Structures are given as structure tokens and as C-alpha cells.
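For reference, the structure discussed in these notes is given below.
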Amino acid sequence: MEELLTLTNFSQQVAAGTPLLYITTDNESRTEALITHAALHAIKGMPGPLAWNCTVGFLGHEGTREPLAGLRWAVEQEGPGIFIFKDLDWFWHDNPFIQRTLKDFSAVRRPPGKTLIFMGSRPDIPPALREEFLLLDHGLPDRKEIQAFLEKNRGKDPFIDRLLADEDTVSRLVVAAQGLDLLNLDRALRLARVSKGGGPDEVVAALFRTKKQQLRKSGIMEFVENDVTADQLGGMENLKSWMEKREKAFGAEGLSSGKNLPRGVLVMGISGCGKSLFVKAIAARWRLPLVRLDMATVYEGTFGSPESSLRKACKTAEALSPCVLWIDEMESGISNQGFKAEGGPASRVLGYFLTWMQEKRHPVFVAATANAIEMLPAEVLRKGRFDEIFYVALPGLSEREEIVRIHLRKRGFPIENFELGMLAHAAKGFSGAEIEQAVASAGFESLAQNRAMTQQDIMEAISRTVPLSVTMAEQIKKIEAWAFKRAVPASAGALR
Ligand SMILES: Nc1ncnc2c1ncn2[C@@H]1O[C@H](COP(=O)(O)OP(=O)(O)OP(=O)(O)O)[C@@H](O)[C@H]1O
């Protein structure tokens, strides 16, 4: 896993004489600013960095525009110096001269202080050069950097000053800007300044809109709008009490500020039994933003290689922290063979994820959901990775009754008109989603006939349904037998 680019570790690398660095960044000018600042600290008398790009070369230095010429020029300069190459990774794959020049540069021992830096949005280094490079990652700005950026804008415009006058607004702006690049924040402030009409609420709303769009554009992540409360979740008392105990132990304040956030839970179980609902309930209860990562899309690779997508997702979650990162369909892309096949994509992706889980210092609570957990390798399930592994089984009788009540209430049907116990009996073997579906379809039937919904409508909808527990009976038995030994039942009545 690459290290994080910070002032300190960058200065140390330059002072130690690291010849070649590759920095992953989505904002070149922000990274260049950090390098310029850090260069001053690295070595006494170090000149400011010089930057190369493919349209200009090194500004003011004739004949350096062609990639190999630019590279040779930088290598030949005497004394300490930092040379930044912005576009060179577009040229180096098929160019043996560039690759040889870099290899030779890296092999020669020289006094510390001369470093060549390459930047790009992903570390696209030719295989022959991979050993020579140290990788650093310039992630999204944290709260401190966002705050400092806002401070820098003070005194430039009366509108911005009014915006930043109130501490409460500043902290709302900081939270809204988390997970975005400073460019986005700058753009939102400029837009507000130009339009003059917008107050703090508009700027904050604009930042949230941008954030949502950015996450959606990533193709693998989305913000989940969420107001699910525990009383919309039928059954699952063990899960609910797990959530409540933590709130008691750590305090609602601590959890929502991320200070006492537990590491994470893995919730497994067959489709439609409320795993997603539980994840939403946790995020809402702890008042944390919820970001969903779709593992199936990560593995499809449509939006970049699975590893780079996951790396990006983890970094985004860190930038948004404190937050809940919901990893949906954790088992996607994994088959037992696939995982064991040494170096297969699934094993590399999960390997990265496990290291990240182990090392993460940001308050990101990971809530992973999975249907076929028996696919997951033992490494994921080992104690200490997740705080707890829960199994959500098909709801028992009293839970089904509660679920019927929840869905009748949700649709505004008068509970007293229905015999809930009888409905719960009839829905034996139904998942929560199937119960919901029966109530909904009975509602549509009666509406079509212009009359109030009756017990009989729901009973008929239930009898028309063939639940998954029938069509997938064998598979469910297997999953339950597996879960019995390895997971905590989500409700006391489960696995009976
Ligand atoms: N225990 C429950 N209490 C109330 N409603 C439930 C419950 N379980 C499921 N439902 C209803 O079914 C819908 C689907 O459930 P949910 O998406 O949480 O299931 P899931 O286990 O995550 O399924 P999948 O694995 O297919 O994603 C929920 O939005 C909810 O309306």
C-alpha cells in the first residue's frame, strides 16, 4: 500500500536521496504547492522545484519540450533540485530510452537532494521501472486542510468574509467539503461570490450536490439518503442491542464525531431479510453519512481496475470520515477457487481491503453485507477484522408479525382491521421483503377495485407467493448450517 504524501514524509524522502517518486493525485496544483512548501524544509539552500509538461517543457529552458530531452536536461543539472514531470507517464511505456535513462539515474549514488517526481491520477509505471519508484498518494484534503483553505480566503471579498464570520457556518462548510477536492470548494465559493444571492445554506447545499455527483460519477460509490430508524426494522433484537450497547458505551456524541467508532460489522444472510435496512439504521442512529460501495461493479472493472477502484473508494471514505462505508455484496467476484488462485484479482482486492481495515486510522465504520458468505475466505472472517459477524435468518413468527405491522403502518392501513398473528402464521418461510411485497400487492389489488384493503387480500397475496425459502431450500439450509458455527444470530429466534 502506498504511503500518504505529507510534508514530513516528502521532506524525509528528498533529504534521504530517494531518486524517483511517483505521486498519485487528482489535483496537480495542490500537490505542486505541497511539494514547493516541503522542498524548503527538505534541504538547506534547495532551489524551488521546476515543473515539466508536454506542451511547454521546462518553462524558460529551450529544447526541453520533447519528453526524453526534458528528462535528460533534468538529470544533467548539477546540485540539489526537485524536478516535477506532469505528463511523462503518457510517453514512457513504449520508450526504452526514457526507461533506461530513469534506471541509470536511479542506480547512480549521488549526494541527497536531487529527486525526480512524476505525477498522475494513478500509478501507471512500466513494469521494468516499478522497483525503482517510491509511491506516494496525495489523497483528498482532510478537515484541517479545508479549514486552512477557507482561512486563506478571508479578507479577499466581503461576501466570503460574511460567510466565514460565523464559526458554526465554517464548520458546516468544512463538513460539506469533506470528500471533495479544494478545486470544488473554490469553485463553489467563487460561484456564490459571483451570484451574490447565495447564503451559507446555498453554498453548503451546492457542496453536497457536487459531492453526490462526484461519488455517482465514480460509478462504484453513492451517497445514501437515509432516515431509517430502528423501529422500521422488525426483529433482529441482537443486532439492535449491539448497536444500542455501543451507543451507551461510547455515547452518541462520540460515535457521531467518529472518536469512538467501532471497526465494523459483517452482516450476512439470504436476500431480502433486512441486511441493508440494518446498515441504514446504524448510520442514521449514529448520525453518520452513509456511503455505499458496490463490490459487484468494482469487480466488473468498468470504472478502472478492481484494485484501483477499491483504493480510491477507501481514500474517499477516509476523506468523508467520520462515516459509515457500506460494502454491499462483499462476496461478489469471489469464488473459492478464484480467491485461492494465487494473485487472482479477487485475492488482490480482498488483500488490499484487509490491510486497509487493519491499518486505517480514520474513523470509517465498515458495514459489509453478504449473501453467500461461505464464499468469503477465512482471512476475512478471522476474529479481529470485524467487531462482529451477524447472520440474519428468515424471521420467526413474532418477527413476521412485527414486520407485517411495520409495513401496514408504513402504508397508512389501520392495524386494528387486521389479525396480525394469522398473517404472520400464513407467511411462514417468508423474508421481510416478501412480506412487504405481499402487503403492497394486496394494497394495489384493493385500490384497483376502489375498496379498503382486507385481511383476505393479504392472505391471498401470501398464498400466491412462492418464497425463496422454498425455491432455494437446499442452499438456505447449507448457509444456515455454515452460519450456525461461525456467526452471531441477528435475532434470538434465528436458526431455530
Ligand atoms: N426485518 C425487516 N423489517 C422490516 N422490513 C424488512 C425487514 N427485512 C426486510 N424488510 C423489507 O424488505 C426490503 C428489502 O430488505 P433489505 O434490502 O434490507 O434486504 P437485504 O437482506 O439487504 O437484501 P439483499 O441481500 O437482496 O440486498 C426492505 O427495504 C424492507 O422494506
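Read the numbers this way: they start at 1 and go in the same order the structure lists the ligands and their atoms. Bear in mind the structure is a predicted one, so any value in this text is a computation, not a measurement.
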Query - atom 5 (N) of ligand 1 - nearest protein heavy atom and its distance - result: His407 NE2, 2.9 Å
Query - atom 12 (O) of ligand 1 - nearest protein heavy atom and its distance - result: Ala433 CA, 3.2 Å
Query raised in the report: Would Arg172 and Asp168 pass as an ion pair if we require N to O under 4.0 Å?
Result: no
Query raised in the report: Rounded to the nearest 0.5 Å, what separation is found between the CD atom of Glu399 and the CG atom of Leu397?
Result: 9.5 Å
Report task. Counting heavy atoms only, name the option from Arg405, Met236, Glu436 that's nearest to atom 11 (C) of ligand 1. Result -> Glu436
Requested in this report: Identify, for atom 6 (C) of ligand 1, the protein heavy atom at the shortest distance, and state residue, atom and that distance.
Outcome: Leu277 CD2, 3.6 Å
Query raised in the report: Between Lys477 and Glu474, is the closest basic N to carboxylate O distance under 4.0 Å?
Result: yes
Report summary line: The atoms of ligand 1 lying under 4.0 Å from a heavy atom of Asn371, numbered in the order shown, are 25 (O)
Query raised in the report: Just going by heavy-atom distances, which of Ala490, Gly432, Gly234, Gly274 is nearest to atom 1 (N) of ligand 1?
Result: Gly234
Requested in this report: Please state whether Gly235 comes within less than 4.0 angstrom of ligand 1, counting heavy atoms only.
Outcome: no
Query raised in the report: So, for Ala438 and Ile462, which heavy atoms are closest and what is the spacing to 0.1 Å?
Result: CB-CG1, 3.9 Å
Query raised in the report: For the residue pair Trp286 and Phe365, does the interplanar ring angle fall in the parallel (under 30°), tilted (30 to 60°) or perpendicular (over 60°) class?
Result: perpendicular
Query raised in the report: Using 30° and 60° as the class limits, which term best fits the ring planes of Phe133 and Phe118: parallel, tilted or perpendicular?
Result: perpendicular
Report task. Using modelled atom types only, decide if a donor and an acceptor are shared between the side chain of His138 and the backbone of Asn27 within a distance under 3.5 Å. Result -> no
Query raised in the report: Does ligand 1 have an atom under 4.0 Å from some heavy atom of Gly272?
Result: yes
Query raised in the report: How far is atom 17 (O) of ligand 1 from its nearest protein heavy atom, and which residue and atom name does that atom have?
Result: Ser276 OG, 3.3 Å
Query raised in the report: For ligand 1, which atoms sit closer than 4.0 Å to a heavy atom of Gln232?
Result: 3 (N), 4 (C)
Query - Numbering as shown, the atoms of ligand 1 that approach Leu233 to under 4.0 Å (heavy-atom distance) - result: 3 (N)
Query raised in the report: Do any nitrogen or oxygen atoms of Lys275 come within less than 3.5 Å of a nitrogen or oxygen of ligand 1?
Result: yes
Query raised in the report: Purely on distance, is any nitrogen or oxygen of Ile403 under 3.5 Å from one on ligand 1?
Result: no
Query raised in the report: Between Lys312 and Asp26, is the closest basic N to carboxylate O distance under 4.0 Å?
Result: yes
Query raised in the report: Hey, is Lys280 one of the residues with a heavy atom under 4.0 angstrom from ligand 1?
Result: no
Query - Carboxylate-amine/guanidinium contact Arg451 Asp457, below 4.0 Å - result: yes
Query raised in the report: Using 4.0 Å as the upper bound for N to carboxylate O, is an ion pair formed by Arg411 and Glu436?
Result: yes
Report summary line: atom 24 (P) of ligand 1 sits nearest the protein heavy atom Ser271 OG, 3.7 Å
